[in-house]
Each structure stands twice: as structure tokens, then as C-alpha cells.
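So the structure is just underneath, and the comments pick up after that.
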Amino acid sequence: MTVFQAIFLVVAVVTLGGAVMVVTVRNLIHAALWLILSLFGVAVMYGLLSAPFFTVIQVVIYIGAIAILMIFAIMLTRRVAQEPGSSVNKGWWMAGLMSLVLFTALVWMFSTWSGFQTTLPQLPEGIDTIKVLGTALVSPDGYVIPFEIASVLLLAALIGAVVVAWERKT
Amino acid sequence: MEASTLVWLLPAPPLLAFFLIILLTNRSKALSHIMGVGAALLSFIGSFVIIVLALQSGHLGEEPFTSVLNWFPTGDTWFQIGVWVDPLTVATLFFVAITVLMIFLYSVGYHNYGAPKGDHDAPGLQPHGATVEDEHGHKHRVPSIEPMYSRFFAFISLFAFGMYVLVVSNNLLTLFVGWEIMGLCSYLLIGFWYAKPSARAAAIKAFLTTRVGDVIMLLGLAYLYYLTGSLSYNVIFSEETLHMLTSSPTPFFGVSAAVVIGLFLFIGTIGKSAQWPLHVWLPDAMEGPTPVSAMIHAATMVSAGVYLVIRVFPIISAGMVHGEPTLTMNIMAFIGAFTGLFAATIAVAQNDIKRVLAYSTISQLGYMIAAIGIGAYVAAAFHLMTHAFFKALLFLGSGSVIHGVEHGVLHTGEDIDPQNMFNMGGLRKKMPITFWTFLIGGLALSGFPFITAGFWSKDEILADAFAHSSWAVLIVLAFAALLTAFYTMRQITLTFLGESRTESAEHAHESKWTMTFPLIFLAVFAIVAGWPGIPIDFPVIGGFIPNFIHDFVGETLAEHPETITFNFVPLLISLGVSLGGLALGWLVYKDVKAGEPDPLEKPLGPIYRILKNKYYFDELYDFLFVRPSIWISRQFTYLWLDQKIIDGILHAISRVAFSLGGLFRNYIDKPVVNGFGDFVGESVKWIGRASRFIQTGRVQQYMVMALIIAFGTLFYYLFFLSQP
Amino acid sequence: MISLSYFLVFAAALFCIGLYGVLARKNAIAVLMGIELMLNAVVINLIAFWRFRTPEMIAGQAFGVIVFAVAAAEVAVGLALFIAIFRRRNTIAADEIDLLKW
Amino acid sequence: MSDPVNSISEWLRTILSGWGLSEGLITVILAVLGVVILATIVLVVDIMLVWIERKMVARFQDRLGPNRVGPFGIIQPIADVIKLLIKEDILPDGADRFIFNIAPIFALATVLLLWAVVPFAPTIIGADINVAVLYIVAIGSIGTLAIIMAGWASNNKYALLGAFRTVALLIAYEVPMVIALLVPVLLARSMGMQTIVAAQSPWYIFVVPLAALILFVSSIAELGRTPFDISEAESEIVAGFHIEYTGMKFGLFYAGELLHALTVSALIATLFLGGWRGPFVDQVPILGPVYLFIKAFLVYYLIMWVRYSFPRIRIDQMLGFNWKFLTPLALFLLVVVAILDKAMVGVSQVQYVLVMLGANLLIVWGTVIILRTYARVERKRVGEERAVAIAPESDLADLVGQE
């Protein structure tokens, strides 16, 4: 087993363990913290896939923004977060079954695919992926329109979130 | 600037106006309508620059103005969007630009700009009127301004944007985007007075009915994309693609892909252009403000449906050998002709001024569809254009009439329906501009010979039907034309001619210039728009103006349509039906009095009393056969000839038309169409009731169910279908 | 040496755990957390396919960036909605937000 | 010419491979060793900071400061540490035990993590990643998390309030900070720290002084130091998020805060003051850290100067200052710099720098003009008579007259 594999396995176990805790733990703040651990594991995965840019924006966006926003929302709805009773709904066994079935189906489908065992290719020499990504995102031959649409979407979401959550003074 | 660059900009002003109005100027009514009308004017100017450039270019058919843009990378290729201006686009742009601008301008007056705020007007309701005090201290009720004035302009701007997108796009996907934007706006505008339950119901009905067509159309688009990998016109209308489409079989009854796609797209048109059996939404859509009716039912949305089938004519006609119509075309000819007649008969028995026009629109659209069905797509495009002008004119005119009568209603305080034609009459003198323009529009709709645009376009359709030997289509359409002329004249007679039948009609007065100017402008086009389409070999007047429409629009397709040689038979038919219908309508309705029912409604007893009092023949015969022969005249001429023969013939014809209309309504529309509709509705309701325990409102449960179904399908696919 | 299968199976597992969270959790914010896990699994797949299959093209990363933007938008609007719902109905339990039924 | 750090590393590598360890394992061992050494050095400096800080504040306040333990009181921090270690470790009732304990570790660890990308010399850097600037932002957001965890886990309303206020402040000031960070990135066309340092001829503070100023101000806010010390505003919420912490856990927060100040100073020094650049550093690489620390302490001195000279402002003023003034200014600056940079392709270095500097000064001048107008209007508004209980008329007239 190479060092790379060892790192992968450790990170995968931590991430998946964290994810399981996210969906099972009762205390929502704890769930959010487990989510952060899990997302951090995913960030490391990006690092393993030689996408350092994604590692960093994963931390910035998911941990720095999304997770903290969630913790805020949990605290703002605190009464609900501490409600007694089950933390899962009545159909949880069906949900679990479906997830399991989906997992088996996905793995089975992957395993029948010829590219399943693709080994890690060498990255092209002398290419700065961040530079390439940046150029692709803003060049007309690349993804400038999707990128702009995504930014408009973000702006719209921003305004929409403010409008929706605005407490109207009656 | 390159022409193709300018084309990109055509839809921009209305969209910009929409956003500016909703975001910035919705507090200020003046700014909002300046935005809206200004945007329409900019697009209008842009369109005319394009049209002039297009006319100068000479070979627009082979070399359309086009420009494409990469939208989204799809693997190794790009999904491209772009603009495309070919002769068909130019023709459509021509009437769209004019009617849209005129309707925008008209809306300013229609919504009583400049009038005071109502006493207790609320958003979502029609204005109720305001009380004003003049210098003597007298209190008057006057019309009040629309409370949601700015919102209206925002919505119709978006609507215009949708139409421009649809017209200039170079692929069926952006066309569909424009199509759906219009669907949304139509919903919003029909339900503009959303506080009225009937308006809400009409909006929902329109939205859901057209949705049926749209979904199937989307399926057609998806199938087309699946087969060809593109939706751009230059790809899907190319020789190879069409050949591939006609030769690829489908699982549906062994017909070719071209037929399936053509039919699916045509079903989209059925929904949008309100063809039978999806026509039910259009008459109800009259709940919206009148400019909306003009916008939807004349200029834009319903035209879009016909525009689509003309646009995809290569697919519809793919596989046509020796002028033999394809299956798609036969279906289209049937549905179009049937709708044409069917709607015309219903129109005869309507009293609401706008409802008559709505059925008339359905009927005229049926005309165009039938024309495409027999292969006469140039004639269809021609009629589409002339119809847009005169129907927009008629709608705007009817709005002006209603406006005038409403004014009278407010003034007198009567409790009458200002849209019922039997409450009008004699408006000729009160509203002269409206009358003359409405008359021009009405004559154009009836196909008044030689002058009006409607005559030339209708004549061309009939001539095409004759030339293609489509006798059934020819006869049905001719009969529909007769009825069209009849009910048009009935409408004009009831509304404008004779004497005022109510106090309110007496107090009606002419509308403001913002409303009359569009009427005059459109009236001009309702006449001259037909002239460039006069056949070259028409006796006497043919050839003064070259048959420009045929040459120009005919260039759209690679294969130019053959010119039809002139024949007297269709000419005589169209002359006969139009003049005959007009005369008949005038004769039957010229003397309807206040409070009296429709002369056609009770053809028995009461009608004698009506006729006893006054009839044109009375005075004539009295004058011819003076006192000594009074006994003969009474016994013979009056009682026998006049009342039995002449009246009998007239009544027979009208009774036939009326009962035919009633027949269609009672035995086809009500039991079959409505019954089918009700059956569908009832069974959906039953199924819904039976299965509503599934719908708990809990999203997560829905998702679980969706997953179960997805897995079920997947397993079925994997284990039963993909086995070698 | 490590192969694409590692990442695919890992992402599939993460996706399914997230799916379970979405389907089974009562609290709407917990549901949102499940959605975040699923989105992350998707991005891992995108990046893994880019790294293993087409390292010379940037498409995978570009789409990853867009997924990030969408995720951020979704969380912002979602949480705002939950807060608004909480103010009105005093609950954000997903199975009590059922106005859509009947 | 090699520097001692790399020489030692190479030597260790040969020894370890001599023991037959695999290549990957050696890399891991060396990396762990590097982390330990770097952290130790930084923490030792941190202990010294306590003394420096206390000495400095005493001078600002015209006192003597610690002067009993050791010469000039230099051993005082050691005594402090011993005191903190032997204090009782209190866990509040109802606290979330695990989170409560892990929060201070996070607080210090995030600061330590930042040192990974600070270049000490041309050849000495923890990790020369090409997204270092983004990394700084990312680590900053983890620091926010530590504060939330501490505030929530304490089960104390003052702690939670303090955490909320702090997080609102941190998230808000991250915006101008990121924009200001983008300016050197834009000029150097890289997010790698070494590249940015290498590109600085002349130092960026002479090219874009305004960006440096914005970064400086928003960094002080990120540090939570006066005038932005909203998180622990003693007179309002006692001590903010670390109100319940005692002993060494409090010590960790305290150390983290001090070290954060120095870290931020080092980052500003790296991004705008040329980092390790200085005379003879090419010949003697070990001079790099010396130059870096000299510059960092210069910035640190400035931070202290600000801290002990200004009063605290209210939270609404802080947020208003950020959203209405700092963020638009930073955005405007970024746009101007980007446009100028694009426009000046092919001009000589001197011209480039002069134009850039001129543009910066012009923006500063314009801002000052706008601020002055605003202040004049505001003074007028405040000076207006209002229907409230006010001082005797004569005093008011005097006040208005002075304006």
C-alpha cells in the first residue's frame, strides 16, 4: 500500500464517518460540526486529485460560508433544533433502503464500465491548471456564458435571500 | 453596423423596459408608459431598418442575415444560438413591429392615462370610475385610471420581447423560449384583473390548455434534437436532414420521423393558435384588457403558432412527391378547415362584441392552417400578415367601442353590460373614427372585394385550394367565408348602425387620440397590406403592383412554390360569399330595437311582430303600388311574397346557419369536445380523489416515491429490455 | 497505485449518505446538510473524471466551479426560506411543511 | 548558494534513506519535522510577544510595564504561562464539553496554519502552493469557526452574543480584505507567495499604497483589536466569546490573538513590503527571515499604535464603515488598478509605478474630499436643534460656532 493510498483511505473513512454522523446525530450544532469535518475531508480529496484550487475554495465556501451560515440558521431556529422526539421521519427505513439500493446500483454500474479501473495519468507538463481554469472561465471560447449566468444566479439568490428573510415591520 | 448585429438588438428594448419598469419606474405611470412605448418604438425602428436592408439585399432566401453565438459546450461541439432573418422573418417582423407599437400606444389611452384616480379602485380589479366636480359643483362619474398601469406595461413589454425572440431566432430552442415567455405573459395578462374570479379561471384555463400543446411540442423538439443533434434552421431544414428524417422509421404505426415530429410540432400550434380541439381557452381569454386581446389574438401569440408551422413547413412537407400532401398536411388541412367553419358558426350566435371576434380569430387561424395543409404556405403567410392587421384593428376598435359605452354607463349609471352588442347601436355618429376604421377592418375580415387586404389573402387561399383540387377544403372554407361576412356585418350593424338602443350608447363619445391614432394607422394597413399580393394575371388590376409577397416570401424555401394561374371560379366564389354574407347580415340586423332579442333567436312568432312594424320592403312596395292596389299588396306582396317568400328565404338561411351553429355547439362542441374534456376532467378528478392519500405534502416522501419509480424503471430497462 | 474506482465508490457512498439525510431527516436544515453532501459527491466525481480521464481539458473543473456557485446560491435561499417559514409557522420540520397537499 | 535549513533537510534525507526508508515516508517524516520546528519557533516568538505587548502598552500609557521578573521584566511571560497552567480548569454547567475544549485549540491552530505559506527566504517556505492567497482567506474562515464554537459551547448568553457580533464583524471585513488581497495578486499575476515576493520591485506599498492601507484596516478588524474589539468589549458583554474560559484554555485564546497580530503583520510585510527582500539576501539567504521579521515587527508596532490610541467604535458604526466605505473603496481601487494594468502594456517600469502611485493618491484625495463634504453635512445635521433635552442655549451656540 502506497502512502497515497493510505492517505486516501484515512481521509475517506473520516469523511464518510463524518457524513454518517451528520445524518444521524441528534444535536444539530453537532451535525453541522460533523458536516464541517466531512467537508474538510472532501477538501483533502480535491488535494489528492491535484486540484489545489478546489481544496481552498472548498474551505472558503463550504466551511467559511455555508457551514457558518447553517450554524447561524440553527441558532436562529433554536427552539426547533432542540425539539424532543425522533430526529428522523416515519419513512426513514425506506430512505435507508433506497440509499443502500442506490449505492449498490451505482457501484454495480461503475464496475461494468470499462473505464472503472483507469489509473492516474500524468498531469500535462508545464501547465498551470489554475491559469487554464481562470482563462477558460472568462474566455468566449470557454465557459464565459455559463460563468456569467452563475454569477447572475448568485446575485439573484443574494437578493432573493434578503427579500425572503426580511422581517416586515407591520 | 452589420445587419445581423442589429437583429440581435431587436428583442432587447422591450426586455430592458420590462426590467426598468418593474425595478425602477413602477411608481411613476408616465415613466412606465414612456419606457414601454419607447421600447416598442425602438424595436419598431430597428425592425424597419432590417426590413429595408432585407428588401435591398436581393437574395435573402439563399443568404439570410444570420449570426450565431456559442452558447454552451456540449462535449466536442457547441450548442449554438443565433439570429436568422429570411423572407418569412421579414414578413412576420413587418406586422409584428407595427401591431406591437400600435397596441402599446393604444394601451396608454385604453387604461385612461390622465384620468383621475378612482374612488375605491383596487389593484386586480377593473377601474370603477371616479367622481369629479366641475366648476358649478356638479358631480360626474368619469372613468378612472387603471391602478396597475405600470404593471401592465411591464407585462406587455415582456410579451413583446418573447415575440421578437421567437421571430428572430435561428433555432427551435430559442423559438420555444420565446414561445414560453409569451405563454407566461398571456397567463399574467389574461388574469390581469386577478381579483375577478372569472379572470383567474380564464388565465388558468389558457395556461393549462396551451401547456398541453407545449409539452407535446417540446417532445417533438427533443425527438428532433435526438435524431439530428441540432435545432438550428440551417441544419434541420437541409436536404440531407430532411431525407434522413423521412427515411428513419419510428415505433409509432410505422410512420416516418418527419411525420411524428411534424405532428408533435403541429400540436404545439394547435394549443397556441387555438385550433380545435384546444380552442377552448381563447374565447375565455377575453377576460383580459382589450389591448391584451389584440396582442394575443391578433398580432403575436396566436400568430406564433401559425408562424411555427410555416417555419417548419420543410419538415411538415418532407416526403411530398408530385404535390401529393403528406399525412401531416392532410391532418392539418382537416383540422384547419374544420376549425374555420366550426368557429365561424359559433361566432354567429354570440352577443359579446369581443367574443365574436375571438371566434372569428379561431376561424381565420383555421383558414391559415388549412392553407398550409394544402401546401399553400405563401398564402398562409400572406393571410397571417393581413389578418394580423385587420384583426388587431378590429380588437382595438371593439375596445374603443366598449370604452365609449363604458363612459356612457358611468355617466348614466345604468346597469348594463357594456360589451353586449344589443346594448349598443348608432355609435356611428358618436364615434365616427372608430366606426370608419372598424368598418374597414370588418370589410377586410369579410373579404370585401378588390380594396381590402383580406380579400386578396383569402382569395389566394381559395385559389390555392382550387388549384390543388382540394374540393372539400374549398367548399368548407367558402361556406366559412360566407358566415364570416355574415357575422361581421351583424356586428357592425348592431354596434354602429341604426339607433342607440340604450341610454349609455347615447352618451358614448369618441376615444382619445392615443386610441384613435392606432386605429387609423392600422386601418391603412388593413387596406394596403393586401396590394402587394395581387396575382400578376388578375384581370384589369393585376400587374400594377408586382406580386411581391409571392416572390419574396416564396424565396424562404429552397424549392420555390409554383405560381398559380388565375382562374375565375375561386374569384367568383370569394366575391359571392363575401358580398352575399355582408348583404345578408345587413338585411337581418339592420333594424334591431332596444330590448328586442336577436332576430335569429326566436325565428317563430315574435319575429312576425318585428317584421310587421318595419321592413325596408314595406315602404318600397307601398310607394310602388299606391292606395288602389293596397289590398293586393297587403294580401299578395306583403303577406305572401314579403313575409312568406323573402322572409322565409332569409330566415331559412339564417335558421340553417343558426341551427348548424347550434348543432355544432350542441352535438359536437358540447357533447363531444366538452364531453371529452369533462370526461378527462372527471376522470382526473376521480383518479386524483382515489390517489390523494399519496399526496401527503411531504417532500421527502415524494422523493422516496420518485426514487422507487426510477429504480423500478431502471431495473425493468436493465433486466428486460437490454438483454441481448 | 490508486485508480478512478476509489474515488467513484467514495463519491457514491457520500452521495448515498447525503441522500439518506435528505430523505429521512426531520429538520429542514439537516435536509439541507444532506443536499450539501450530495453536491460534494458530485463535485468529487467531476474532478475525479477530469483528473483521470481528461487532464488536458478543463471542463470538469469549470463545471465544478459552477456547481459551487449553485450550491452557495441554494444554501443562501434555502436558509432564508427556512427562517421565513420558522417565523410564520414556528417549525422547520420537513414533514410539517405540507401546505402543498390536497 | 544554499541556506542552512535546506542543507539540514538534505542531510537528514540522506541519513534516513541510508536507513532504508521509502521515499514517501521520508517526505512525510521531514514534513512533520518541519511543521514541529516551525510551530515551536513561532510559539516561542509568541511568548516574547506578551512581553513586548505589555511593555509597549505601558509606554503608550506612560507607565513602566513589567519590570520585576528578570532584566526589564523579560521573564514575565514565562511566569504568566506558569500561572495559567496551574489555574483551575473550569467547565461551565451545561457546556458542550467536546466543543468547549476543542475551540481554543482551533483558535491557536488556525493562526499557526497561516505560517505555512509565509516565505522566510527565497528557499525557505512551508509550502509554496499556487493558491496561497486564497489559502489565507480559507484559514481565516476556520478562525471564525473557532469563535462560534467557543461562544456556543460556553452556554452563556454573553459568550454567544460576543460570538455573534464577532462573526458578523469577521465575515463583513473579509470582503474588503479579500479585495485588497486581490490587488497584489493582480499585479504579480499569481496567488503564490514566493512569486508575489519575487515580483515586488519596487515594493507594492509604493505602487498601491491604498490597497495596503485597506488591507491594514480590515486586518485590524479581523484581529478584533481596538478600535474593532467588539468581540470582547468589556464594558458591554464582559469578555465576549471567551468569558467562560480559564487557565490554559484562556491562555490559548490569548496566545492565538497575539500571534495572529504578528502573523497578519508578516503577511502584510510579505505582500506589500517585499517580504524577505533586502540587501545581500541573494548571497546570504538566511538574511531573509531577519528582514521579514524586521518588517513584520514594524507593522506590528503600527497595529499596537492604533490599538492604544483609538477608542472603540459601536458595532453599527463598524459595519457601516465596512459596507458603506471600505468595500466600495476597495472595489473601486481594484477596478482602477485592473484597468490601468491592462492599459499600460509595454511602458517602462518607472512610468508604470508612477502612474499607479498617482492613481492611488488621486483616489485617496477624492475620497478625502467626499469624506469632508459628508462630514460637513453630518456635522450640520448633528448640530441642528432637535426636540430633545439639550444643554443650555449658550453652550450650543458655542458648539455650533466652533464648527
Side-chain angles (χ1 to χ4, degrees), chain A residues 1-8 10 21 25-37 39-40 43-44 46-47 50-76 78 81-82 127-135 138 158, chain D residues 21-29 31 94 96-100 102-103 106 110 113 117 127-149 151-153 155 157 160-161 163-164 166-168 170-171 174-175 178 181 185-186 189-192 195:
Chain A
M1 191 160 71
T2 61
V3 178
F4 195 89
Q5 271 171 327
I7 296 174
F8 175 88
V10 170
M21 294 306 280
V25 80
R26 276 193 52 81
N27 188 324
L28 274 184
I29 295 280
H30 287 179
L33 294 173
W34 282 114
L35 178 72
I36 288 169
L37 178 70
L39 295 175
F40 203 82
V44 178
Y46 295 146
S50 37
F53 179 68
F54 275 79
T55 310
V56 178
I57 61 169
Q58 169 87 2
V59 176
V60 174
I61 294 179
Y62 272 101
I63 298 175
I66 292 181
I68 287 184
L69 214 58
M70 280 184 166
I71 292 178
F72 260 73
I74 294 166
M75 288 177 178
L76 285 173
R78 204 170 185 177
Q82 294 172 341
I127 291 179
D128 186 356
T129 42
I130 294 174
K131 203 167 245 170
V132 176
L133 178 64
T135 320
V138 293
L158 190 74
Chain D
L21 293 176
S22 78
E23 190 67 21
L25 200 58
I26 292 175
T27 314
V28 171
I29 290 173
D96 198 315
R97 194 190 178 84
F98 181 70
I99 301 176
F100 185 79
I102 206 170
F106 256 65
T110 50
L113 278 173
V117 293
D128 189 14
I129 52 176
N130 54 1
V131 285
V133 174
L134 266 181
Y135 174 84
I136 295 169
V137 179
I139 298 302
S141 46
I142 301 182
T144 318
L145 191 67
I147 292 171
I148 282 202
M149 282 160 68
W152 183 79
N155 194 27
K157 69 177 163 199
L160 193 57
L161 271 177
F164 269 179
T166 313
V167 170
L170 292 187
I171 289 179
E174 223 161 66
V175 176
V178 170
L181 282 175
V185 169
L186 194 146
R189 287 177 173 57
S190 169
M191 288 193 283
T195 326

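In the text below, chain A, chain B and the rest are named by the order of the sequence lines, each starting its count at 1. Source: prediction; values computed, not measured.
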Interface residue of largest heavy-atom contact number with chain D, from A/Ala65, A/Ala43, A/Gly64, under 4.5 Å: A/Gly64

Most contacts with chain D, counted as non-hydrogen pairs under 4.5 angstrom, among A/Val59, A/Ile36, A/Ile29: A/Ile29

Main-chain N/O of A/Ile57 paired to A/Tyr46 side chain as donor or acceptor, under 3.5 Å: no

Residue part contacting chain D, namely of A/Phe4, when any heavy atom lies under 4.5 Å: neither

Near-ring test D/Phe164/A/Phe72, centroid separation under 6.0 angstrom: yes

Contact origin within D/Leu160 toward chain A - heavy atom pairs under 4.5 Å: side chain

Side-chain donor/acceptor of D/Thr195 to backbone N/O of D/Met191, under 3.5 Å: no

Set of residues satisfying side chain to side chain donor-acceptor pair (under 3.5 Å) with respect to A/Thr135, sequence neighbours excluded: none

Under 4.5 Å from a heavy atom of chain A, the part of D/Leu134 involved: both

Heavy-atom neighbours of A/Phe40 CZ exceed 12 at 6.0 Å: no

Residue part contacting chain D, namely of A/Ile61, when any heavy atom lies under 4.5 Å: neither

